[in-house]
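Working notes for the structure below.
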Amino acid sequence: MALHIYNVLHREKMPFEPLHEGRVHIYVCGPTVYDHAHVGHAKTYVSFDVVVRYLRFRGYDVLYVQNLTDVGHLLDSGEDRILKKASQSQALPMQIVETYARSYFDDMDALGVVRPDISPRASGHSPEQIAMIETLIARGDAKVTARDNVDYEVHRWPEYGKLSNRRLDEQEAGARIDPHDDKRRAEDFALWKAAEPEHIMRWDSPWGVGYPGWHIECSAMAKKYLGATFDIHGGGVDNIFPHNECEIAQSEAANETLFARFWMLVGSLTVPDEFGIPVKMSKSLGNFYTIKDALKLYRAEVLRTFILTSHYRNPVVFSEEALDGARKGWERLYGVVRLTREKLRTAGPGDGGAAFLDVLDKTRQKFIEALDDDFNAPGGIAVLHDLTREVNTLLNSGQPVGRAVLEAIDTTYRELGGDVLGIIPDEAAAGGAASAEREAGLIRLLVDMRTEARAARDFAAADRIRDQLAALGVALEDRPDGTVWRVS
RNA sequence: GGCGACGUCGCCAAGUGGUAAGGCAAGGGUCUGCAAAACCCUCACCGUGGGUUCGAGUCCCACCGUCGCCUCCA
């Protein structure tokens with residue numbers, strides 16, 4: 001059973017073989033950097049983070065491109081999002097872009113999302129955008145309008161609608177036409193827009209000073225870094241129409257070849273409203289959670305666990321109960337890793353418990369089986385929970401477990417839970433700094449003192465140490481073979 | 001109105017034809033100085049009604065309910 005991916009383009013799971021052997025080219029629509037990222041962004045980018053991590057785990061050489069949209073993404077009113085924010089905060093547009101691009105990377109770093117190999121900005125690619133538009137004009141697929149806009153003429157592309165499964169005659173026509181536009185058909189979209197005097201983000205073009213349309217940016221950048229045809233295009237489902245559909249139309253027309261071979265779209269994240277009905281986040285409803293907000297309440301691994309316990313294609317409701325459930329489930333997984341590492345500190349060199357290596361092999365097989373099935377992360381987490389029961393049983397059994405087996409257990413969690421899913425921290429990340437070492441030493445000293453008190457049946461002193469440590473967020477567990485501690 | 005998706009135990013959730021993974025919660029036990037953690041046991045006729053099939057949560061139809069998109073959105 002090889003890797004299968006649900007391809008939105010064909011609405012079915014298909015076996016995945018990259019275009020170039022051993023190498024996967026993937027493009028994911030990045031955010032428009034005009035505000036702090038919210039938990040919906042976290043769902044999308046954590047999902048693709050696991051896709052990329054898993055492809056690498058499977059041995060593929062992955063080239064991952066995720067753009068930053070910093071121009072041309074307009075609001076209903078026709079205003080550019082970046083420009084509007086800039087005028088509101090009395091800053092230059094590129095200050096806004098810089099501020100929120102940094103904020104975005106900070107958030108992604110905090111969530112343990114591996115950075116894309118290339119994070120191209122739309123504003124830096126006007127030569128590529130213009131070249132593509134010129135090709136489309138030469139082909140007769142795009143027209144320069146009387147106002148020096150360039151519009152893509154959708155009726156020229158017979159396959160328009162193949163991704164989102166829409167046909168033009170089914171759409172409500174003319175719902176929104178910008179008064180500054182002079183396009184002839186409502187479904188046509190802008191490749192290039194002439195800049196009004198107040199539009200200070202502007203570039204020279206053969207059609208005068210202007211700026212690119214949102215859709216052409218992704219087409220131009222994907223082609224530049226990944227080629228005309230590449231393996232996977234990702235994004236959130238909410239962009240399937242019009243954005244992704246327009247990308248396909250203009251790219252396949254201009255390049256005269258297939259654009260992305262596989263389309264992977266992530267289900268939306270909603271938030272319960274006052275009646276508990278899931279709705280999209282919006283600032284006006286007061287249900288807008290930034291990643292920074294969420295990270296104050298839950299650690300990154302817990303947020304990732306929450307996101308990854310449902311399949312990436314499904315919609316998810318961001319609720320406190322679900323988050324708390326994810327937290328407890330994660331604590332169970334991390335608890336056994338902590339226990340394993342604690343035992344490793346003092347373990348003897350023998351190979352006791354070697355029969356357990358077979359369990360680890362089977363775990364790895366089942367995990368791969370799950371992830372091979374369209375990146376079924378929930379299935380992968382369930383496999384880790386099954387392993388966790390077995391490891392707990394082993395470590396509580398009293399039989400001697402040698403260093404080799406403990407290391408193999410740790411490696412299994414490190415690779416599957418850490419490298420692929422990003423929910424099991426490294427020892428170092430959990431506190432490898434000098435101060436953390438000192439703290440651990442102090443805690444061990446207190447634990448030893450308590451052990452002596454218990455041996456002397458001085459339970460008052462023992463409980464005092466335990467209670468004080470608990471108040472500081474350090475939980476103790478007395479096990480047959482000694483006391484272990486963990487930071488809660 | 002059109003397009004798409006979803007409805008599985010109190011909660012979250014996997015499962016695209018062969019008698020329902022996993023986590024949380026709950027109840028009962030084991031262990032423990034007491035705890036905590038862990039382990040064991042218990043806990044689902046898969047929205048409703050039809051149909052196809054030897055056999056359906058899984059396929060088809062209808063209905064009910066929910067969500068998303070229809071040129072702002074990851």
Side-chain angles (χ1 to χ4, degrees), chain A residues 8 11-13 28-32 37-45 47-48 73-79 81 154 161 164-167 169-178 186-190 214-215 234-243 245-246 265-270 277-282 305-306 309-311 313-317 319 321-333 335-336 339 366 370 373 376-386 388-389 391-393 395-397 454 457 459 462-463 466-467 470 475-480 484 486:
Chain A
V8 179
R11 310 257 164 196
E12 64 177 343
K13 265 182 212 169
V28 173
C29 286
T32 301
H38 57 244
V39 288
H41 293 105
K43 178 178 187 316
T44 299
Y45 300 119
S47 297
F48 282 109
H73 194 175
L74 306 186
L75 290 160
D76 250 357
S77 57
E79 291 172 280
R81 289 163 187 274
V154 166
S164 59
N165 216 344
R166 277 163 222 265
R167 285 178 304 139
D169 50 23
E170 285 167 348
Q171 306 301 315
E172 277 182 52
R176 294 183 200 174
I177 294 186
D178 187 323
E187 67 271 19
D188 291 348
F189 58 90
W214 178 37
H215 312 313
V237 268
D238 47 342
N239 272 337
I240 189 172
F241 189 89
H243 183 242
E245 199 69 71
C246 294
L265 300 178
V266 175
S268 293
L269 181 144
T270 55
I277 308 294
V279 294
K280 287 196 77 164
M281 275 184 285
S282 77
T305 301
F306 166 73
T309 45
S310 59
H311 189 91
R313 277 191 280 130
N314 288 350
V316 157
V317 181
S319 72
E321 299 93 309
L323 262 309
D324 287 342
R327 196 192 76 237
K328 291 188 176 151
W330 174 80
E331 280 171 356
R332 176 177 155 76
L333 292 178
V336 81
L339 179 58
K366 286 194 291 186
D373 182 14
N376 188 340
I381 290 175
V383 170
L384 291 184
H385 275 292
D386 288 337
T388 296
R389 170 167 298 109
V391 174
N392 273 321
T393 299
L395 297 185
N396 290 336
S397 67
R454 289 176 68 216
R457 302 195 68 80
F459 295 123
D463 288 351
R466 184 171 66 190
D467 293 346
L476 300 189
E477 293 173 21
D478 296 327
R479 308 173 52 79
V484 299
R486 63 191 161 83

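Letters A, B, ... mirror the listed sequences (proteins, then strands); counts begin at 1.
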Regarding [X], tell me which of base, sugar-phosphate or nothing describes its non-hydrogen contacts under 4.0 Å with the strands shown.
X        : answer
A/Asp238 : base
A/Asn396 : sugar-phosphate
A/His311 : sugar-phosphate
A/Leu333 : nothing
A/Ser164 : sugar-phosphate
A/Gly40  : base
A/Lys13  : base
A/Arg11  : sugar-phosphate
A/Gly30  : sugar-phosphate
A/Leu339 : nothing

Is the A/His243 ring parallel, tilted or perpendicular to the A/His215 ring (thresholds 30°, 60°)?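 Judged by the thresholds at 30° and 60°, the geometry between A/His243 and A/His215 is tilted.
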Going by the angle between their ring planes, with limits at 30° and 60°, are A/His41 and A/His38 parallel, tilted or perpendicular? tilted
Suppose you measure atom [atom1] in [N] against the same atom in [M]; what distance do you get, rounded to whole Å?
N     : M     : atom1 : value
B/U53 : B/G47 : C1'   : 23 Å
B/C41 : B/G23 : P     : 12 Å
B/C9  : B/A14 : P     : 12 Å

Base-contact (B) and sugar-phosphate-only (S) positions in nucleotides 18-29 of chain B, heavy-atom cut-off under 4.0 Å, - elsewhere: ---BSSSS----
Can you tell me the Watson-Crick or wobble partner of [N], both distances under 3.5 angstrom?
N     : value
B/A44 : none
B/A74 : none
B/C67 : B/G4
B/G49 : B/C61
B/C39 : B/G29

Looking at the side chain of A/Asp478, which of B/C12, B/U71, B/C34 is the nearest nucleotide? B/C34
Would you call A/Tyr45 stacked on B/A74, i.e. ring centres under 5.5 Å apart with the planes less than 30° off parallel?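 Base of B/A74: not stacked against A/Tyr45.
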Rounded to the nearest Å, what distance is computed from the CD atom of residue A/Glu245 to the P atom of nucleotide B/G4? 13 Å
Is it the case that atom CZ in A/Arg11 sees more than 12 heavy atoms from other parts of the structure closer than 6.0 Å? yes
